[in-house]
Amino acid sequence: GFRVVHDNFLTFRPTTKYAAIVMNPPFRDVRKHIEASLSLLGRGGHMEPATLVALVPVTFEHPEAEQLETLPPDTFSTARVHTKIIRIRR
């Protein structure tokens, strides 16, 4: 019962806000993509906070981010990037 949108957060211009966003942003522009996606969050009548969940490099920090999990170092062995999963609620 959910609509899945596959797009670039830097160019996406929705007509509505989203109660949940799950993303795997390009790591080279991770900060830009996170900030753009946060601008699209909205409760939309839901009781729970709007939530963003993202796969990010372990070095990524955001004052609102809660770290959910640090992935094993070999998760993306060919990319050689250590990653974690974060959640931001608004």
Side-chain angles (χ1 to χ4, degrees):
F2 295 98
R3 181 174 166 251
V4 176
V5 177
H6 180 275
D7 212 322
N8 179 333
F9 282 103
L10 300 183
T11 58
F12 183 53
R13 300 292 176 248
T15 57
T16 186
K17 298 282 186 171
Y18 292 90
I21 296 174
V22 178
M23 65 186 300
N24 177 8
F27 291 170
R28 115 181 126 275
D29 291 324
V30 67
R31 293 185 196 297
K32 290 179 187 176
H33 281 264
I34 293 289
E35 290 305 318
S37 66
L38 288 173
S39 73
L40 303 178
L41 280 179
R43 286 191 178 192
H46 297 276
M47 297 297 290
E48 293 294 318
T51 304
L52 165 74
V53 175
L55 175 71
V56 296
V58 293
T59 56
F60 177 80
E61 296 292 331
H62 188 281
E64 297 174 81
E66 168 190 3
Q67 182 172 320
L68 298 179
E69 182 178 353
T70 300
L71 299 176
D74 62 345
T75 302
F76 300 102
S77 59
T78 58
R80 299 181 187 173
V81 176
H82 295 240
T83 55
K84 63 184 178 183
I85 299 172
I86 62 162
R87 175 174 58 194
I88 298 174
R89 291 178 155 180
R90 289 192 165 171

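In this chain, numbering begins with 1 at the start of the sequence shown.
Side-chain atoms of Pro57 and His82, non-hydrogen and from C-beta on, never get closer than 4.5 Å to each other. Counting only heavy atoms from C-beta outward, the side chains of Phe60 and Arg31 approach each other to under 4.5 Å.
When hydrophobic clusters are built by joining Ile, Leu, Val, Met, Phe, Trp and Tyr residues whose side-chain heavy atoms come closer than 4.5 Å, directly or via intermediates, Leu40 is grouped together with Val30. Each of Leu10 and Phe27 belongs to its own hydrophobic cluster when Ile, Leu, Val, Met, Phe, Trp and Tyr are linked at side-chain heavy-atom distances under 4.5 angstrom. Cluster membership for Leu41 and Met23, using ILVMFWY side-chain heavy atoms within less than 4.5 angstrom, is shared. By the rule that hydrophobic residues join a cluster once side-chain heavy atoms approach within less than 4.5 Å of another member, Leu38 and Ile86 end up as members of one cluster.
Nearest heavy-atom pair across Ala36 and Phe9 is CB-O, 3.4 Å.
Annotation: the span from Leu52 atom CG to Ile34 atom CD1 amounts to 5.0 Å, rounded to 0.5 Å. The distance from the CD atom of Glu35 to the NE2 atom of His62 is 4.0 Å, given to the nearest 0.5 Å.
Partners of Glu66 under the salt bridge (Lys or Arg N to Asp or Glu O under 4.0 Å) rule, at least two apart in sequence or in another chain, are Arg87. Residues passing the salt bridge (Lys or Arg N to Asp or Glu O under 4.0 Å) test with Glu48, sequence neighbours excluded: none. For the salt bridge (Lys or Arg N to Asp or Glu O under 4.0 Å) test, residues two or more places apart in sequence or in another chain that qualify with Arg90 are Glu64.
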Sequence neighbours excluded and cut-off under 3.5 Å, please list the side-chain donor-acceptor pairs for residues 68-80, or say none.
| residue | atom | partner | partner atom | Å |
| --- | --- | --- | --- | --- |
| Thr70 | OG1 | Gln67 | NE2 | 2.4 |
| Thr75 | OG1 | Pro72 | O | 2.7 |

Would you mind writing out the side-chain donor-acceptor pairs for residues 11-21 within the sub-3.5 Å range, not counting sequence neighbours?
| residue | atom | partner | partner atom | Å |
| --- | --- | --- | --- | --- |
| Thr11 | OG1 | Asn8 | O | 3.4 |
| Lys17 | NZ | Ser39 | O | 2.5 |
| Tyr18 | OH | Arg3 | NH1 | 3.3 |

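As a member of the Ile/Leu/Val/Met/Phe/Trp/Tyr network built from side-chain separations under 4.5 Å, Val58 groups with nothing else and remains a singleton.
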